[in-house]
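Below is one structure, written out as structure tokens, with a few remarks after it.
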Amino acid sequence: MGDTSLGITDALVSVLRDARSVAVLTGSGISAESGVPTFRDAQTGLWSRYEPQELATPEAFERDPALVWEWYEWRRRLVREARPNPGHLALARLERRVPSFTLATQNVDGLHRRAGSENVLELHGNIVRSKCSVEGFEAEPRAGDESVPPLCPNCGAFLRPDVVWFGEALPEDAFVSASAAARTCEVFLSVGTSSLVYPAAALPSEAARSGAVLVEINPDDTPLTPHVDYALRGRAGEVLPALVRALDVS
Ligand code: BV8
């Protein structure tokens, strides 16, 4: 049965095994074991002197488009080299055994889809995609375009990463679907997020208010911890596989 050293009790295993609908919110903590730095970890090397929250804004792009573009190019290289880890893979396995499963992620690294998850809502966009900073359409640089940032092939404005910056609205359809899943699920897992960034951070409480069993998977406490039914203290790459394994043997 459950691995009680990680807080996985028989009660939690049985609730999850019987659930017909499960919703999950992930944050950058689930990608930490894939080598993608979490959003609030001290940045390494050249980027150590910048605060991510300062760079991930329209104002920073307005002020210094080349700097912001280079920061994303650095992160894109990390993401390209990264592989899904056992935490991502466990969520893909869980999706296959739950009748209704929704995975809302704050991450922009695309690792959930690469792990085989299908119903993924990218609340904050995807770092691999670019879009025109004026027209807003998805666009890629023309071959041979050496400018930094590259220019929109359609209108010549700067391209920007297709992610949601601080102060920007989340993609409406993704967030509406994530809210609906939070309101209707029986079990809500909050994994690898500091629960500080809104409106995504409101989803777990919305689930709890609608009667869901609320589970947090994180090595540390967060502002959500006092409100959860189960706080599983550990790394996503360790806890999630143990949780899914417990379902298989139960
Ligand atoms: C908006 C994309 C309005 C870019 C990101 C109240 C309501 C609404 C908005 C606000 C509000 N209060 C404040 C706001 C404004 C702001 C906000 O929330 N600010 C915070 C800082 C207070 N919100 C916004 O601006 C949002 N927009 O509301 O617009 C609007 C509405 C209509 C019209 C116009 C405007 C937009 C927010 C999205 C910003 N973009 N990312 C990019 O990536 O470059 S957010 C960024 O933070 C990442 O997406 C990241 O995922 C996210 C959250 O961080 P975490 O994922 O939690 O990562 P973090 O490093 O913080 O924590 C990692 C956790 O993992 C830790 O707990 C750690 O313990 C744990 N961990 C570590 N290792 C592991 C682990 N866990 C498991 N396993 C491990 N191995």
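Quantities reported herein were computed from a predicted structural model and do not represent experimental measurements. Ligands are counted one by one from 1 in listed order, and the atoms in each one are counted from 1 as well. Residue numbers start at 1 and run along the sequence shown.
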With atoms numbered from 1 as shown, which atoms in ligand 1 lie under 4.0 angstrom from a non-hydrogen atom of [X]?
| X | result |
| --- | --- |
| L196 | 18 (O), 20 (C), 22 (C) |
| D220 | 69 (O) |
| P199 | 28 (O) |
| N218 | 66 (C), 67 (O), 68 (C), 69 (O), 70 (C) |

Q) Atom CZ of R114 and atom CZ of R83: how far apart are they, to the nearest 0.5 Å? A)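 Spacing of CZ (R114) from CZ (R83) equals 5.5 Å.
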Q) Rounded to the nearest 0.5 Å, what separation is found between the CG atom of L240 and the CG atom of L232? A)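 If I round to the nearest 0.5 Å, the distance is 8.5 Å.
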Q: For atom 11 (C) of ligand 1, state whether the nearest protein heavy atom is under 4.0 Å away.
A: yes
Q. So does R235 pair up with E33, basic N to acidic O under 4.0 Å?
A.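 Judged by the 4.0 Å cut-off on N to carboxylate O distance, R235 and E33 do form a salt bridge.
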Q. Under a 4.0 Å N-O cut-off, is there an ion pair linking D248 with R97?
A. yes
Q: Look at atom 62 (O) of ligand 1 and find which of G87, G125, S190, S194 reaches it with the closest heavy atom.
A: S194
With respect to [X], determine whether any N or O atom, backbone or side chain, lies less than 3.5 Å from an N or O atom of ligand 1.
| X | answer |
| --- | --- |
| I217 | no |
| T222 | no |
| S195 | no |
| F166 | no |

What protein heavy atom is closest to [atom], reported as residue, atom name and distance in Å?
| atom | result |
| --- | --- |
| atom 61 (O) of ligand 1 | R40 NH1, 2.3 Å |
| atom 17 (C) of ligand 1 | Y198 N, 3.9 Å |
| atom 51 (O) of ligand 1 | Q106 CB, 3.3 Å |
| atom 55 (P) of ligand 1 | S28 OG, 3.6 Å |

(Q) Tell me whether ligand 1 is touched by G237 - counting only heavy atoms on the residue side and a distance under 4.0 Å. (A) no
Region of [X] engaging ligand 1 - heavy atom pairs below 4.0 Å:
| X | result |
| --- | --- |
| E33 | side chain |
| V108 | side chain |
| E168 | backbone |
| I127 | neither |

Q.
Against the six-membered ring of W71, is R160 placed for a cation-pi contact (under 6.0 Å from the centre, within 45° of the normal)?
A.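 The answer is no, since R160 fails at least one limit relative to W71.
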